[in-house]
Every structure is written in C-alpha cells, then in structure tokens.
Number of protein chains: 2
Amino acid sequence: MNLKQLSEQLGLSQTTVSRALNGYPEVSEKTRERVRQAALDFNYKPNTRARSLATGRAMAIGHVIPVSTQQEMVNPIFGDFVTGAGEVYSEHGYDMMLSLVPDSDEESFYRDLKIKGNVDGIVVHSPSMDDTRIALLNELQLPYVVHGRASAIEAPYSWVDVANVRAFEALTGHLTGLGHRRIALFNGIESLDFAHRRRTGFLNALTEAGLEADPELMLSWDMTESYGFDEASRMLARSEPPTAFAVSSLITALGVRRAVEQARLTVGRDVSVATFDDDLSYLRNGTPEAPVFSGVRSSVREAGRRVGAILLSQISTPGAPPASEMIPFELVVGTTSGPARI
Amino acid sequence: MNLKQLSEQLGLSQTTVSRALNGYPEVSEKTRERVRQAALDFNYKPNTRARSLATGRAMAIGHVIPVSTQQEMVNPIFGDFVTGAGEVYSEHGYDMMLSLVPDSDEESFYRDLKIKGNVDGIVVHSPSMDDTRIALLNELQLPYVVHGRASAIEAPYSWVDVANVRAFEALTGHLTGLGHRRIALFNGIESLDFAHRRRTGFLNALTEAGLEADPELMLSWDMTESYGFDEASRMLARSEPPTAFAVSSLITALGVRRAVEQARLTVGRDVSVATFDDDLSYLRNGTPEAPVFSGVRSSVREAGRRVGAILLSQISTPGAPPASEMIPFELVVGTTSGPARI
DNA sequence: CGGCCTTGCCAAAGCGCTTTGGTAGCGCTA
DNA sequence: TAGCGCTACCAAAGCGCTTTGGCAAGGCCG
C-alpha cells in the first residue's frame with residue numbers, strides 16, 4: 001500500500017493524506033482522524049527512500065568504525081556504545097548505519113557518505129590526538145559528534161567524553177594514597193586521544209605524590225586480556241616488580257589479575273590493581289554494592305546515549321555552535337587494591 | 001554535483017551518462033571513458049536514495065538486535081560478528097543498518113522494515129528454538145539468514161551455524177576422556193537455540209562416557225564473567241564439588257577460573273575448565289601456538305562473513321532455495337584441563 | 001450585498017536517479 | 001536506391017513521497 005493507493009481508497013488527494021499523517025494544520029480534525037485510521041487499517045507506512053528523496057533528510061546516522069589494517073581488533077566497548085546511541089535514534093525515528101572502513105581510504109569514505117547522501121550525521125569513533133577527520137567533516141558540512149576528543153585540534157567541534165585525565169588522576173591517586181610507589185601503567189594505544197589523556201592523568205598523580213615515572217613500567221597496546229597477562233607476568237618477574245597496576249580496561253585488568261595469581265601472589269594484598277571500567281553489560285565489575293576491581297567507572301552506554309542526543313540536536317538546528325559534554329565517572333573501591341607492603 | 005549537472009557538463013543526456021557509469025553496452029567506449037573521467041574529476045557519486053527509489057533496491061542489509069526488556073546484556077560477540085558481515089557488505093556496495101528493537105514489538109518492526117523498504121534483507125540474531133521470526137519473514141518475502149538455527153522449525157530456511165551439538169560433545173568428551181565424572185555445565189540461556197544444542201551435546205557426551213547428568217551442576221544464564229565466578233564459587237563450596245567445568249563462553253570461563261583460583265585450587269590440575277571460544281578479537285585465547293583454555297574454537301567473525309555472503313546471494317537470486325552452512329570448529333587443548341585426580 | 005479572510009482541500013512540480021521506448025545516422029545487402 | 005539492422009544516443013516516464021501554489025466554499029465585515 002503506497003500513498004497513491006491509500007488516497008484513492010479514501011477519495012482524497014495525496015497531498016491531503018500526506019499532510020494529515022504528518023500533522024500539518026491544513027487538514028480538518030475529522031479528515032485527519034479518518035486518514036489516520038485508514039493508515040492503521042491498511043498498515044500504511046511511507047517509503048523511507050521516497051520520503052528521504054523528497055525531504056532531503058536521510059533519517060539515518062552513520063557510525064564509521066575505522067578498521068586498522070594491521071591490528072584487527074574490534075573495540076569491545078562497541079556493542080554497548082552503539083546500544084546507547086541506538087536507543088536515542090529509535091526514539092526519534094532515525095536509523096543507524098554502520099560502516100567498517102579500512103583507515104587507508106577513510107577520507108574518501110566520508111566524502112562519499114556526504115555526496116551519496118545516505119546519512120544526516122555521523123559519529124566519529126576512536127579519535128587520535130590530531131584527528132584529520134574533524135577538519136574534513138567541518139569542510140563537508142556534515143553534522144558530527146566525536147566520541148572522545150582530539151587534544152591537538154584547536155577549532156571547536158562537538159564531542160562527548162569522559163574526563164580521562166581526572167579519571168586517571170583519581171585512579172592513580174587512589175593507589176599512591178595507599179602508599180604504592182612503583183605503579184605500572186597498562187594503557188591503550190597512545191596515539192589515540194583517550195589513552196594519551198589517561199597517561200597524562202597517571203603522570204599528574206605520580207608528580208602530585210612526589211614520585212617519578214619509570215618508563216619501563218608504562219605500556220601502551222591493544223587492550224586485550226593476554227596483553228595484561230603477558231606483560232604483567234613479565235613485570236612481576238623483574239627484580240623490583242611494581243606493587244600496583246593502573247590499567248585502562250577491565251579486560252586487560254582480568255589478564256593482569258591472572259598474572260598476579262599465577263605468580264602466587266594475592267591481588268589486593270601483595271599487589272594492587274585499579275582499572276578503568278566502561279561498565280560493559282557482559283562484563284560487570286562485581287555488583288554495584290560489592291565491586292571487585294578498584295578504579296573508576298563510567299558508563300559507555302550512557303556516553304552513547306549522550307552522543308546520539310547531541311548529534312540529533314545538531315542536525316535539527318543547523319548552524320548551531322558545537323556542543324560538548326562530559327560523562328561523569330566515579331571512583332570505585334573494590335577488593336583489588338590495598339595498602340602497599342613496602 | 002548530480003547527474004543532471006554532470007550530463008550538462010558533458011553535453012550528453014542523463015540516460016547516456018547513467019548507462020555509461022553503470023556499464024550498459026549501449027554506449028561507445030570512447031564516450032564511456034569520457035564520462036568516467038568526468039565523474040572522477042567532479043567526484044560524482046549517484047545519490048543513494050534516488051537510486052534506490054528508482055531501482056527498488058535499498059542496497060542495505062538490516063541487522064535486528066533484540067533488546068530484551070529485562071536482561072539488558074549486549075551480546076559480546078556482536079562486534080566481531082558484525083565486522084565479519086560488514087566486510088562482505090562493503091565489498092558488494094551494501095550498507096549495514098543496525099536496529100535495536102525491544103523484543104515486545106519485534107514483529108511489527110520486521111513488518112515495517114519491509115513496508116518502509118529500507119533494507120533488502122536482514123540477519124536474524126539470537127534465534128530461539130521455535131523462533132516466530134522465521135515464519136514471519138517467510139510471509140513477508142524478505143530475504144534473511146539466521147545466525148544460528150531454530151531446532152523446532154521444520155520448514156527450510158537459510159542459516160549459518162556452528163555444530164553446537166558436536167562441539168559440546170567434543171568439549172565434554174575431552175573432559176570425560178581425562179577421567180572427569182562430575183562435570184558442571186555453565187550454559188547460556190537455554191531458550192536460545194545455541195544453548196539448547198550445547199546442552200544436548202554435553203548430555204550426549206556424558207551418556208557416551210556412561211555418566212549421569214546432575215541437574216544441580218547444570219546452569220543456564222547470561223554469560224557474564226560474574227555469573228561464572230559466583231556460580232563456580234558456590235559449586236566449589238559443595239561437599240562434592242565438580243572436578244571439571246564445561247563453559248559456553250570464554251568470558252564466563254574467566255569468571256570460573258577466578259573462582260577456582262580464589263578457592264586456592266589450581267586450574268588444569270585440581271579443576272579442569274573447558275570452554276567454547278568465539279575467537280573474539282579482544283579476547284584471544286592465548287596464542288594460536290599456545291592456547292590457554294582447553295575447549296572448542298570457532299570464529300564468530302568468520303560466521304559473520306558467511307552470513308553476509310549467503311544473504312547477498314539470496315538477494316541476488318530471488319526465489320532461490322534456502323541455503324545453509326556449518327562453520328567449522330576445532331578442539332583446542334590448552335593448560336586449563338588435565339587428568340581428573342581421584 | 002460585495003469584498004475579504006479562513007478553512008480545507010487539490011493538481012502538479014520536484015527530489016535524483018533508472019529505464020522504457022524511441023530515433024537519427026550509418027553501412028550493408030538485394 | 002529502397003530497405004534493413006546496427007550503433008549510439010535522447011526525451012520522457014516513473015519510483016513514492018513532500019511541498020508549492022493554487023482555488024472553491026463559507027463566514028464575516030462594513
């Protein structure tokens with residue numbers, strides 16, 4: 001059933017039917033109700049593509065996931081983030097388009113997305129410090145929101161981020177407050193902005209505590225479980241092993257814990273572990289009342305929601321200035337941290 | 001730059017330009033080359049929505065993720081699966097549309113998807129044993145492929161699945177072969193087909209080994225890490241604890257291992273753990289040469305690729321009979337399993 | 001009662017593409 | 001030289017919707 005057929009059924013023009021369904025005022029309430037009922041009866045829904053063509057709005061948001069050609073890892077936060085954003089989209093009748101793009105031809109991909117007109121806005125994932133996509137999207141006049149920030153970019157742009165510096169100050173401060181002096185950092189890839197900021201927060205906290213950073217204890221890599229295990233095992237075998245670990249991902253922290261336990265040490269007593277926790281649905285950090293890992297927690301699903309909301313508002317008010325928002329985090333004290341034993 | 005403008009630039013009709021770019025034969029090679037070059041120069045790309053409207057093909061695949069209203073978990077395999085499927089889509093010029101749908105109004109959502117015409121086919125995720133979506137999609141004449149199967153459905157339909165029964169026969173057989181007689185099953189939610197099949201495989205292997213299943217050792221739940229930890233801790237505190245665990249997800253297996261270690265037991269010596277491993281990119285099971293967990297491995301990313309490929313072929317040959325494919329699995333022996341003591 | 005708003009509807013254009021149904025021009029054959 | 005079949009192009013219709021620019025009919029005013 002399309003608009004033409006429906007209007008013939010009703011003995012009305014397509015114009016009137018369209019206006020009735022879209023809530024325009026030039027239709028009597030009686031007619032509107034009749035149209036509405038008929039649409040329901042015949043299960044009429046306007047064809048998305050035709051409507052998009054006519055209105056110029058795609059009613060879809062693009063999520064572009066850069067797929068690095070070397071490291072093939074899919075970001076584990078992805079599912080939860082997208083779920084949060086998707087909630088907002090469907091409330092507003094938007095669809096979500098997912099694209100996995102080899103980072104080699106990313107630029108032309110964004111260009112094409114604009115030209116081919118299949119999205120009204122896009123979400124920028126995993127920004128690096130001087131991410132070139134931001135300038136490109138400004139140039140393209142395609143609304144966007146960055147999940148995270150790009151510290152090296154001066155120009156204003158829309159973003160949603162967690163206060164990574166302060167989060168890692170808090171996380172690391174928790175460890176120094178317990179008396180730890182040799183603290184290892186297991187960070188993500190530091191060309192990515194979030195990891196760079198976390199490193200900064202880590203270093204700030206060390207300085208604050210009058211400690212010096214040991215480059216050999218500071219690691220940066222894809223945050224897998226085995227990364228945590230392998231590197232922590234190596235560190236624990238040193239002559240002067242760290243007494244605490246600041247970790248950037250709960251998954252990696254699981255690996256670190258495994259290494260500690262395999263070394264016949266007890267987490268929270270012999271060695272402390274504090275981690276950033278994205279509050280992933282399939283990887284809860286204990287229960288809200290009884291967290292297992294100490295560290296900081298911030299919901300990436302909530303971040304997704306906020307990104308979605310801001311992007312939609314940017315789209316609905318073109319020319320609006322960039323908007324940004326901080327997602328809160330909280331310090332969580334579980335059982336994996338304890339006083340340093342010299 | 002749209003088709004009209006491009007054709008005016010070239011002094012050709014829109015027809016000829018369109019045909020030239022789409023590879024139709026009624027265009028001289030010379031003209032075709034000229035058009036091609038101009039399209040490149042002006043960076044012309046046909047508008048997706050207009051093209052879709054004209055051709056009737058959306059050039060998009062829908063992935064519908066049921067979001068249960070109670071259990072809010074996002075399936076952790078989701079990212080890797082979608083990456084696999086996405087690879088195939090982009091090779092063929094298809095886009096991927098993601099929809100998160102509350103399972104309450106799922107049926108009407110599929111209906112609308114068809115009517116609104118924004119996808120050419122869909123991927124059915126997380127099928128239950130008698131999944132009603134299959135009949136619905138047949139009725140709607142919307143091409144689809146199920147990731148997994150629906151055992152209770154007789155009618156043929158397209159699917160891609162791993163041999164879950166045989167996988168769990170192998171996994172459990174590995175444990176019985178090591179002499180274990182009290183084996184716990186940590187399964188997913190058994191209204192979902194894959195979990196039901198795994199349970200069947202588990203029971204088959206027990207029978208094969210002349211063992212009887214103990215209902216108290218067979219669990220079914222969302223496969224989180226804490227589920228593994230909490231329930232394994234409880235089991236290990238029993239008077240007659242299991243000596244081995246058959247686990248349906250690597251994430252849950254991490255929790256089980258944690259429980260074992262917290263009970264001051266050694267995994268692979270005091271207690272064996274074997275798990276199904278989806279080969280997630282952020283959660284590799286050790287290295288290919290040196291796996292950590294024993295169990296069976298099957299790449300969910302490869303499953304995504306195969307689902308994508310089959311769906312696209314179903315779309316391109318309408319009326320083709322349903323197709324299906326088994327994704328292989330392999331038995332992996334790591335360090336978490338060893339001979340039963342006693 | 002003529003003129004002027006409002007109200008409630010409609011015809012038709014247009015979004016940017018594909019595709020149908022041509023036709024002009026050319027070389028060839030009978 | 002008329003007729004035929006190609007080749008290489010074009011004009012226009014159509015996909016299903018929204019939106020512009022009307023226009024009758026009725027109510028109200030002076």
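Below, chain A is the first sequence line, B the second, and so on; all start at residue 1.
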Query - Residue whose closest nucleotide on DNA chain D lies nearer the 5' end, B:Val17 versus A:Arg57 - result: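 Checking each residue's closest nucleotide, the 5'-ward one belongs to B:Val17.
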Distance in angstrom units between [X] [atom1] and [N] [atom2], rounded:
{"X": "B:Glu33", "N": "D:dA8", "atom1": "CD", "atom2": "P", "value": "15 Å"}
{"X": "A:Glu8", "N": "C:dC10", "atom1": "CD", "atom2": "P", "value": "12 Å"}
{"X": "B:Glu26", "N": "C:dA24", "atom1": "CD", "atom2": "P", "value": "19 Å"}
{"X": "B:Leu10", "N": "D:dC9", "atom1": "CG", "atom2": "C1'", "value": "14 Å"}
{"X": "A:Leu12", "N": "C:dA11", "atom1": "CG", "atom2": "P", "value": "11 Å"}
{"X": "B:Glu29", "N": "D:dA8", "atom1": "CD", "atom2": "P", "value": "9 Å"}
{"X": "A:Leu53", "N": "D:dC15", "atom1": "CG", "atom2": "P", "value": "13 Å"}
{"X": "B:Gln14", "N": "D:dC15", "atom1": "CD", "atom2": "P", "value": "17 Å"}

Practice item. Would you classify A:Arg19 as touching base, sugar-phosphate or nothing, given that sugar-phosphate means primed atoms plus P, OP1 and OP2, and contacts are heavy atoms under 4.0 Å? Key: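 Answer is base: heavy atoms of A:Arg19 come under 4.0 Å of a base.
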Which nucleotide sits closest to the side chain of [X]: [options]?
{"X": "B:Leu3", "options": "C:dC17, C:dC9, D:dC15", "answer": "C:dC17"}
{"X": "B:Arg51", "options": "D:dT18, C:dC17, D:dC15", "answer": "C:dC17"}
{"X": "A:Thr16", "options": "D:dC17, C:dC9, D:dC9", "answer": "C:dC9"}
{"X": "A:Tyr44", "options": "C:dG16, D:dC17, C:dC9", "answer": "D:dC17"}
{"X": "A:Ala50", "options": "D:dA8, D:dC17, C:dC9", "answer": "D:dC17"}
{"X": "B:Asn2", "options": "D:dG16, C:dC17, D:dC9", "answer": "C:dC17"}

Are any of the side-chain nitrogens in B:Asp112 or A:Lys45 under 4.0 Å away from the carboxylate oxygens of its partner?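 Looking at B:Asp112 and A:Lys45, the cut-off is met.
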*B:Glu139/B:Arg111 ion pair, N-O < 4.0 Å*: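 So B:Glu139 pairs with B:Arg111 through a salt bridge.
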Taking atom CG of B:Leu12 and atom OG of B:Ser7, what is their separation to the nearest 0.5 Å?
->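 Rounded to the nearest 0.5 Å, the CG-OG separation comes out at 7.5 Å.
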For A:Val64 and A:Glu106, which heavy atoms make the closest approach, and how far apart are they?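 Where A:Val64 meets A:Glu106 most closely, the heavy atoms are CG1-OE2, 4.4 Å.
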Given [N], is OP1 or OP2 found less than 4.0 Å from the side-chain N or O atoms of [X]?
{"X": "B:Tyr24", "N": "C:dT19", "result": "yes"}
{"X": "A:Thr31", "N": "C:dC9", "result": "yes"}
{"X": "A:Ser13", "N": "C:dC9", "result": "no"}
{"X": "B:Asn22", "N": "C:dT18", "result": "yes"}

| message | Can you confirm whether the side chains of A:Thr15 and A:Ser18 place a donor and an acceptor under 3.5 Å from each other? | response |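 Absent: no donor and acceptor within the cut-off.
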| message | I'd like to know whether the aromatic ring centres of B:His63 and B:Tyr89 sit less than 6.0 Å apart in this structure. | response |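 Ring centres of B:Tyr89 and B:His63 closer than 6.0 Å.
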_Quiz question: going by heavy-atom distance under 3.5 Å, is there a donor-acceptor pair between the base of D:dT18 and the side chain of A:Thr15?_
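Per atom types, no contact qualifies.
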